Engineer: 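The structure that follows is given in the form of structure tokens.
As the structure is a prediction and not an experimental result, all values here were calculated from the model.
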Amino acid sequence: MSDHYEVLGVPREASEEQIKKAYRKLARELHPDVNPAAEAQERFKLVTHAYEVLSDAEQRRSYDMGGQNPFGGSQGFGFGDIFDSFFGGGQRGPRSRMERGQDALIRVEMTLREVAFGVQRQMEIDTAILCDTCSGACCQPGTSLRTCDVCKGGGVIQRQVRSLLGNVLTTSPCTNCQGFGQTIPTPCVTCRGQGRVRARRTLDLNIPAGVEDGLRLQLAGQGEVGHAGGPSGDIYVDISVRADDTFSRQGDDLHCTLEVPLHDAVLGALINIETFDGQEQVEVKPGDQTGEVFTIKGKGIKHLRTNGRGDLKVTFQVVTPTKLDSKQKEIFRQLQKLRKNDEPKLVKHKAGHFKAKH
């Protein structure tokens, strides 16, 4: 277990003001809003817990004594505890003023092109951030929390009441300090004793390639700062993908349809098409039919969790001309005579009749 004094970097005989000053300095360096690194967040939790203990006179005294109960033993157990164990009980000591911040949900709309390669965006969000004036201490600088005069720092009030079992000791949160064990004589004027303020900040989003419509991403520690400078919540990002006019997605493959003029389908051709990667060349071989698929390797969606990309699959649709001048009509009449043995006929359906070309 870490030593609280070492965590804050103060000697064991440090004053209350020295402890507060050390905490503020570390909080500014390690708070998730300033330093999002996982290691910094873990240190911030240790620093916060150390300050919570050492800033409270009763908890610090108990910590310096090794955490022992002043009445003997480390886990005193009286009739009130027995009563609580049978009837639910409640708060047994001062509760922490620090609370984890709330999570937030935002929705991000992306194009299919952005999905293919990933995208970086900046978004303005309204959220709670650490108060710069008090660094989460809730007190006006130069002042400090004060041990509650009513509960003497215990956070609870004990009363003896009569019941069917005789005299019973009941415990309830102190109404003077709301169960915190400490009051704020001079709240911070900036945050009004909350340790945080509402503000608009910029959120940097790095959305990886390969995400799907409806996917939810988690940004740990990017949500609201908690009360009294407590740990930040998370932000969840819901992904919505707009339909593209030309391309569709199946898995990590992209699909599109290429209209091929009849003469190109008969004679063959090399056709340039515009893709997400720029121009690519598609080969139409003589005699290609509607439904033939030409595959361009590695030009689809980047895989989300592995290296590489899907393919781009181009499906041919042979277009029969509808507006012909007299000369063109005459050419087709001559062709019809030359291929008089070609008669329309029904054919049996064959599964997988069309083959993908590479």
Engineer: Checking the side chain of D238 only, and the main-chain atoms of R107 only, is there a donor and an acceptor separated by less than 3.5 Å?
Structural biologist: no

Engineer: Going by the angle between their ring planes, with limits at 30° and 60°, are F276 and F117 parallel, tilted or perpendicular?
Structural biologist: perpendicular

Engineer: S144 and E16: side-chain donor and acceptor closer than 3.5 Å?
Structural biologist: yes

Engineer: Return yes if some donor-acceptor pair links the side-chain N/O of D325 with the main-chain N/O of K327 below 3.5 Å, else return no.
Structural biologist: yes

Engineer: Identify the two heavy atoms, one from G210 and one from I301, that lie closest to each other, and give their separation to 0.1 Å.
Structural biologist: CA-CG2, 3.7 Å

Engineer: How close do S232 and G221 get, heavy atom to heavy atom, and via which atoms?
Structural biologist: CB-O, 3.5 Å

Engineer: Does atom CZ of R146 have more than 12 heavy-atom neighbours from other groups under 6.0 Å away?
Structural biologist: no

Engineer: Rounded to the nearest 0.5 Å, how far does NZ of K299 lie from CG of L312?
Structural biologist: 9.5 Å

Engineer: What are the two closest heavy atoms between K152 and E58, and how far apart are they?
Structural biologist: O-CG, 3.8 Å

Engineer: Hey, does Q59 have a side-chain heavy atom less than 4.5 Å from the side chain of P94?
Structural biologist: yes

Engineer: If you compare all heavy atoms of C148 against all heavy atoms of N176, which two are closest, and at what distance to 0.1 Å?
Structural biologist: SG-ND2, 3.2 Å

Engineer: Among side-chain atoms of T315 and E292, is any donor-acceptor pair under 3.5 angstrom?
Structural biologist: no

Engineer: Distance from E109 atom CD to R121 atom CZ, nearest 0.5 Å?
Structural biologist: 8.0 Å

Engineer: Mind checking whether M98 and L8 sit in one hydrophobic cluster, side chains of I, L, V, M, F, W, Y counted as touching below 4.5 Å?
Structural biologist: yes

Engineer: Does a donor on one side chain sit under 3.5 Å from an acceptor on the other, for T190 and T133?
Structural biologist: yes

Engineer: R12 and D3: side-chain contact (heavy atoms from CB on, under 4.5 Å), yes or no, with the steps?
Structural biologist: CA-CA 10 Å; R12 302 190 75 83; D3 181 82; 3.0 Å; yes

Engineer: Are more than 12 heavy atoms, taken from residues, nucleotides or ligands other than R192, located less than 6.0 Å from that residue's CZ atom?
Structural biologist: no

Engineer: Once rounded to the nearest 0.5 Å, what's the spacing between atom CG of L324 and atom NZ of K329?
Structural biologist: 6.5 Å

Engineer: Given the rule in the side chain to side chain donor-acceptor pair (under 3.5 Å) test, do E280 and T275 qualify, once you have shown the distances and angles that lead to the verdict?
Structural biologist: CA-CA 7 Å; E280 296 288 339; T275 73; 4.6 Å; no

Engineer: Using only atom types and a distance under 3.5 Å, with no angle test, would you say the side chain of R97 pairs donor to acceptor with the backbone of G229?
Structural biologist: no

Engineer: Looking at R24, I'd like to know if its CZ atom is crowded, meaning that more than 12 non-hydrogen atoms belonging to other residues, nucleotides or ligands lie closer than 6.0 Å.
Structural biologist: yes

Engineer: Give a yes or no on whether I296 and I271 share a hydrophobic cluster (residues Ile, Leu, Val, Met, Phe, Trp, Tyr; joining criterion: side-chain heavy atoms under 4.5 Å apart).
Structural biologist: yes

Engineer: Between the main-chain N or O of G300 and the side-chain N or O of R309, is there a donor-acceptor pair closer than 3.5 Å?
Structural biologist: yes

Engineer: When you group the ILVMFWY residues by side-chain heavy-atom contacts below 4.5 Å and let the links chain together, are V119 and I125 in the same group?
Structural biologist: yes

Engineer: Looking at D204, I'd like to know if its CG atom is crowded, meaning that more than 12 non-hydrogen atoms belonging to other residues, nucleotides or ligands lie closer than 6.0 Å.
Structural biologist: yes

Engineer: State plainly whether one hydrophobic cluster holds both V319 and F316, where clusters connect Ile, Leu, Val, Met, Phe, Trp and Tyr through side-chain heavy atoms under 4.5 angstrom apart.
Structural biologist: no

Engineer: With a 4.5 Å limit on heavy-atom distance, are the side chains of E29 and K25 in contact?
Structural biologist: yes

Engineer: Which heavy atom in A27 sits nearest to a heavy atom in S135, and how many Å separate them?
Structural biologist: CB-O, 4.4 Å

Engineer: With side chains defined as the heavy atoms from C-beta onward, is the minimum distance between L205 and L219 less than 4.5 Å?
Structural biologist: yes

Engineer: As an exercise, state the distance from CG of L145 to NZ of K20, rounded to the nearest 0.5 Å.
Structural biologist: 6.5 Å

Engineer: Nearest 0.5 Å please: distance from the CD1 atom of I106 over to the CD atom of Q222.
Structural biologist: 10.0 Å

Engineer: For a 4.5 angstrom cut-off between non-hydrogen side-chain atoms, does L217 reach L215?
Structural biologist: yes

Engineer: Determine whether P321 and L262 make a side-chain contact, defined as any pair of heavy atoms from C-beta on separated by less than 4.5 Å.
Structural biologist: yes

Engineer: Group every Ile, Leu, Val, Met, Phe, Trp and Tyr by side-chain heavy-atom contacts under 4.5 Å, then state whether V108 and V115 land in the same group.
Structural biologist: yes

Engineer: Only counting residues at least two apart or in another chain, list the ones meeting ring-ring contact (aromatic ring centres under 6.0 Å, His included) with Y5.
Structural biologist: none

Engineer: If you count heavy atoms of other groups shown closer than 6.0 angstrom to CD of Q102, is the number above 12?
Structural biologist: no

Engineer: Would you say that L105 contacts R216 through its side chain, given a criterion of any heavy-atom pair below 4.5 Å between the two side chains?
Structural biologist: yes

Engineer: Rounded at 0.5 Å granularity, tell me how far NE2 in H227 sits from CD in Q194.
Structural biologist: 4.0 Å

Engineer: Sequence neighbours excluded, which residues qualify as salt bridge (Lys or Arg N to Asp or Glu O under 4.0 Å) partners of D103?
Structural biologist: R100

Engineer: Counting only heavy atoms not in Q336, do more than 12 fall under 6.0 Å of its CD?
Structural biologist: no

Engineer: Short question: side chain of D311, backbone of G298 - any donor-acceptor pair under 3.5 Å?
Structural biologist: yes

Engineer: Step by step, work out the side-chain contact (heavy atoms from CB on, under 4.5 Å) result for C131 and R196.
Structural biologist: CA-CA 4 Å; C131 176; R196 60 179 184 171; 5.6 Å; no

Engineer: Let's go through M110 and I239 carefully: what are the C-alpha distance in whole Å and the side-chain angles of both, what is the deciding distance for side-chain contact (heavy atoms from CB on, under 4.5 Å) to 0.1 Å, and is it a yes or a no?
Structural biologist: CA-CA 7 Å; M110 301 176 63; I239 301 297; 3.8 Å; yes

Engineer: Of all heavy-atom pairs between F247 and L112, which one has the smallest distance, and what is that distance?
Structural biologist: O-CD2, 3.5 Å

Engineer: Determine whether more than 12 heavy atoms belonging to other residues, nucleotides or ligands lie under 6.0 Å from atom CZ of R339.
Structural biologist: no

Engineer: Taking C-beta and beyond as the side chain, do R198 and E224 meet within less than 4.5 Å on heavy atoms?
Structural biologist: yes

Engineer: Closer than 4.0 angstrom, basic N to acidic O: yes or no for R249 and D252?
Structural biologist: yes

Engineer: Among D288, V284, T290, whose side chain to side chain contact (heavy atoms under 4.5 Å, CB included) with V318 holds?
Structural biologist: T290

Engineer: Could you check S172 against V156 for side-chain contact (heavy atoms from CB on, under 4.5 Å), going step by step and ending with a plain yes or no?
Structural biologist: CA-CA 5 Å; S172 60; V156 294; over 6 Å; no

Engineer: Mind checking what makes ring-ring contact (aromatic ring centres under 6.0 Å, His included) contact with H49, not counting sequence neighbours?
Structural biologist: H4

Engineer: Are the side chains of I273 and F294 in contact, using a 4.5 Å heavy-atom criterion?
Structural biologist: no

Engineer: Please check if the side chain of D264 supplies one atom and the backbone of P261 the other of a donor-acceptor pair under 3.5 Å.
Structural biologist: no

